[in-house]
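Right, one structure below, let's go through it.
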Amino acid sequence: VNDQYVFKILQEMYAKYEKYLDELESYKPDIHTMFDVGCGMALIVLEAQSRGWEAYGCDISRNTIDFVSRRLRIPNLEVAEFAFKPERSEYFDLVMFNDSLEHVPDPLAQLQIAHQQMKSGGILSLRVPNCRSPLAGWLQEFYYDPPFHLWGFNRDSIRQLTETAGFNVLRIKSGGF
């Protein structure tokens with residue numbers, strides 16, 4: 001695989017993330033701090049930093065974080081699970097889980113940590129697969145085979161989970177970015 005091909009793919013992903021952050025800013029125009037849990041390639045963190053936000057990310061994959069830090073030179077990334085840090089109490093305007101919450105052993109605990117880390121009036125953004133989607137039904141033989149997905153969520157269960165963690169649900173939307 002050549003670098004130009006990879007760069008093109010990353011540009012396409014990055015353009016989606018630009019629109020995604022634009023949408024989040026429509027709910028809260030004064031975002032200054034954010035944390036991306038399960039950041040993977042950290043392209044959302046990169047886009048947020050380009051907007052002047054203080055943006056952080058964590059991922060459990062040391063290889064991914066090392067690669068992204070080295071090749072894309074994105075600061076504020078850590079190899080870790082999302083954990084409460086007292087210095088970050090009520091610190092973030094935005095906390096996001098993009099295709100990561102379904103992989104953690106205790107989603108409620110993760111959302112409670114997010115709630116503690118967020119400023120009053122902050123935004124939680126979740127992107128999880130819908131376990132009632134046609135694709136999930138078609139792939140069900142391995143869809144919930146750990147470590148692929150530990151949890152399956154649908155509109156009702158994600159609403160209940162986020163409300164139990166202390167959040168008010170503004171919107172639930174189906175589909176991708």
Side-chain angles (χ1 to χ4, degrees), residues 1-82 88 90-104 107 110-111 113-115 117-130 133 135-136 149 153 155 158-159 161-162 165 167-177:
V1 177
N2 69 34
D3 284 349
Q4 286 181 329
Y5 174 76
V6 171
F7 185 67
K8 182 179 183 267
I9 299 294
L10 292 176
Q11 281 183 311
E12 291 171 5
M13 291 172 61
Y14 192 78
K16 289 180 184 178
Y17 297 148
E18 286 178 308
K19 291 178 185 174
Y20 180 52
L21 293 183
D22 288 345
E23 180 182 349
L24 293 174
E25 282 186 307
S26 74
Y27 293 107
K28 183 174 179 55
D30 59 340
I31 297 173
H32 301 290
T33 55
M34 62 87 60
F35 200 102
D36 185 3
V37 180
C39 65
M41 292 290 293
L43 296 177
I44 293 177
V45 174
L46 181 63
E47 168 57 18
Q49 290 173 350
S50 77
R51 294 171 184 235
W53 301 358
E54 185 180 344
Y56 298 82
C58 71
D59 200 282
I60 60 170
S61 171
R62 174 168 300 285
N63 290 339
T64 300
I65 294 299
D66 288 348
F67 174 82
V68 170
S69 298
R70 187 179 69 254
R71 294 291 297 265
L72 301 178
R73 294 190 169 96
I74 302 173
N76 301 332
L77 302 178
E78 53 190 65
V79 178
E81 291 183 11
F82 189 48
R88 293 184 182 162
E90 298 182 19
Y91 189 77
F92 296 105
D93 297 308
L94 168 64
V95 175
M96 55 180 44
F97 293 81
N98 288 306
D99 293 313
S100 59
L101 194 64
E102 67 274 13
H103 299 281
V104 301
Q110 291 291 284
L111 293 179
I113 291 168
H115 196 269
Q117 303 287 68
M118 286 176 47
K119 293 177 184 174
S120 178
I123 294 178
L124 171 70
S125 175
L126 300 175
R127 183 173 183 256
V128 296
N130 182 344
S133 73
L135 180 62
H149 291 147
F153 300 107
R155 293 173 83 79
I158 203 68
R159 178 181 295 279
L161 182 67
T162 54
F167 293 98
N168 296 317
V169 176
L170 295 175
R171 181 176 180 204
I172 296 178
K173 175 175 115 173
S174 294
F177 289 114

Side chain of [X], backbone of [Y]: donor and acceptor closer than 3.5 Å?
{"X": "Q110", "Y": "F82", "result": "yes"}
{"X": "E81", "Y": "V104", "result": "no"}
{"X": "D36", "Y": "G57", "result": "no"}
{"X": "T162", "Y": "F167", "result": "no"}
{"X": "R51", "Y": "E18", "result": "yes"}
{"X": "T33", "Y": "D93", "result": "yes"}

Exercise. Would L111 and L126 count as a side-chain contact (heavy atoms from CB on, under 4.5 Å) if you check the C-alpha gap in whole Å, the side-chain angles of each, and the deciding distance to 0.1 Å?
Worked result: CA-CA 10 Å; L111 293 179; L126 300 175; 3.9 Å; yes
One should read off an interatomic distance between K119 NZ and D30 CG, to the nearest 0.5 angstrom, of 8.0 Å
In this structure, CG of N76 is separated from CD of E54 (nearest 0.5 Å) by 7.0 Å
### Message
Under 3.5 Å, is there a donor on one side chain and an acceptor on the other for N98 and Y20?
### Response
yes
Do S50 and E47 have a side chain donor and acceptor closer than 3.5 Å?
yes
Quick one, Y56 with C39, criterion side-chain contact (heavy atoms from CB on, under 4.5 Å). Give me CA distance, side-chain angles, the key distance, then yes/no. CA-CA 9 Å; Y56 298 82; C39 65; over 6 Å; no
**Asked** What do the steps show when you test F97 against E102 for side-chain contact (heavy atoms from CB on, under 4.5 Å), and what is the final call?
**Response** CA-CA 9 Å; F97 293 81; E102 67 274 13; over 6 Å; no
Run the side-chain contact (heavy atoms from CB on, under 4.5 Å) test on E23 and R171 for me, step by step, so that the C-alpha distance in whole Å, both residues' side-chain angles and the decisive distance to 0.1 Å come before the verdict. CA-CA 12 Å; E23 180 182 349; R171 181 176 180 204; 2.8 Å; yes
